[in-house]
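A note on names: the letters A, B, ... follow the listed sequences, proteins ahead of strands, and every chain is numbered from 1. Below, each value reflects all heavy atoms present in this structure, side chains not excepted, and no hydrogens, waters or symmetry copies.
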Number of protein chains: 2
Amino acid sequence: MKSDFDNNIPIYLQLVEQLKRDIISGKISAGERLHSVRDLALELKVNPNTVQKALVELEDIGLIFTERTNGKFVTEDNALIEKYKQEYADKITEKYIETMQKIGLDKNEVLLLIKDLGGNK
Amino acid sequence: MKSDFDNNIPIYLQLVEQLKRDIISGKISAGERLHSVRDLALELKVNPNTVQKALVELEDIGLIFTERTNGKFVTEDNALIEKYKQEYADKITEKYIETMQKIGLDKNEVLLLIKDLGGNK
DNA sequence: CGCAATGTATTATTGACTTAATACAATGAT
DNA sequence: ATCATTGTATTAAGTCAATAATACATTGCG
């Protein structure tokens, strides 16, 4: 797995976002077991403490749960996952539109720009 | 001026982005004098050193210039400003689309979402 | 001249993130 | 039973952003 982190944002927060996306996109399925804290740390080339900190946050919001001595698993609550997906999509979309408006582009200009950029799929 | 900063990103970088947007949107005009480092620090309620650090970055990329003992001014090179505006819009748009694809939404779904969200203007 | 305002530089301190190196607790498998 | 694997906790160190408190240099102005 590629692990390119932005130096200007705490790694554990970027990890939270990355894993959240993996879950809401279905890349990691509901009920699926995550790699162990130590393994994830090796894969991502970060400290186990950093991974642990991220996973605690994901557990706090209910996206994963822990079976002690066995591992951590993605929630089996598909409705919750779907809720976070909608929430995530809305949040970053609103933030994006807001930023574009700050530089003076309205929604129509945004729509045109998107049609021209970012792959044709 | 409201100064809501994200605790998880260095303030000086958020300041660079904010001022860059103010310039490329025309909120601060070409050739216009910025408030002094000390005044900006007071307005934004941050340390003068933090403001200074941000302004150095803006000067490095040519968006502002300094007249010692007189102040700092927005560049008068409108072509440069326009270049950064295009660059900025493209960059955040591509990043946005990329993120949406990571959670499994394609461009058509993105277009629909934008039409529904973010004000009607 | 003397002073105020400008940008700039320096030193010290605090706090958060990250890493490193361990250690402990609990469970499943051999 | 023993051991490996899991999550979890602790302590120490290093880095960097941010603040605070100054100080210096240069220019314009009264």
Residues in side chain to side chain donor-acceptor pair (under 3.5 Å) contact with B:Glu82, at least two apart in sequence or another chain: B:Gln86

Rounded distance in Å - [atom1] ([X]) to [atom2] ([N]):
X: A:His35; N: D:dG7; atom1: NE2; atom2: C1'; result: 16 Å
X: B:Leu34; N: C:dA5; atom1: CG; atom2: P; result: 19 Å
X: A:Asn70; N: D:dT5; atom1: CG; atom2: P; result: 14 Å
X: B:Arg38; N: D:dC24; atom1: CZ; atom2: C1'; result: 11 Å
X: B:Leu42; N: D:dT19; atom1: CG; atom2: P; result: 12 Å
X: A:Phe73; N: D:dT6; atom1: CZ; atom2: P; result: 11 Å
X: B:Leu55; N: C:dA9; atom1: CG; atom2: C1'; result: 16 Å
X: A:Arg33; N: C:dT27; atom1: CZ; atom2: P; result: 16 Å

Using every non-hydrogen atom in the two residues, find where [X] and [Y] come nearest and quote the distance to one decimal.
X: B:Ala89; Y: A:Ile103; answer: CB-CD1, 4.1 Å
X: A:Lys72; Y: A:Val37; answer: CE-CG2, 4.3 Å
X: B:Val110; Y: B:Leu105; answer: CG2-O, 4.4 Å

Distance-only polar pair, side chains of B:Asn108 and B:Asp106, donor-acceptor under 3.5 Å: no

Answer yes or no: is there a donor N or O on one side and an acceptor on the other, between the side chain of [X] and the main chain of [Y], under 3.5 Å?
X: A:Glu59; Y: A:Thr66; result: yes
X: B:Gln52; Y: B:Asn49; result: no
X: A:Ser36; Y: A:Asp39; result: yes

Qualifying ring pair (Phe, Tyr, Trp, His ring centres under 6.0 Å) pairs, either residue in residues 76-115 of chain B, two or more places apart: A:Tyr96-B:Tyr96

Restricting to nitrogen or oxygen on both sides, can you table the protein-nucleotides 25-28 of chain D pairs closer than 3.5 Å?
from: D:dA25; atom 1: N3; to: B:Arg68; atom 2: NH1; distance (Å): 3.4
from: D:dT26; atom 1: O4'; to: B:Arg68; atom 2: NH1; distance (Å): 3.4
from: D:dT27; atom 1: O4'; to: B:Thr69; atom 2: OG1; distance (Å): 2.9

Pairwise side-chain contact, A:Leu44 with A:Thr50, heavy-atom cut-off 4.5 Å (strictly under): no

Sorted by number, the residues of residues 56-67 of chain B with heavy-atom contact under 4.0 Å to DNA chain C: B:Thr66

Footprint string (nucleotides 12-21 of chain C, 5' to 3'): B base within contact, S backbone only, - free, heavy atoms under 4.0 Å: -----SSBBB

Remaining members of the apolar cluster that contains A:Phe65, side-chain heavy atoms under 4.5 Å: A:Phe73

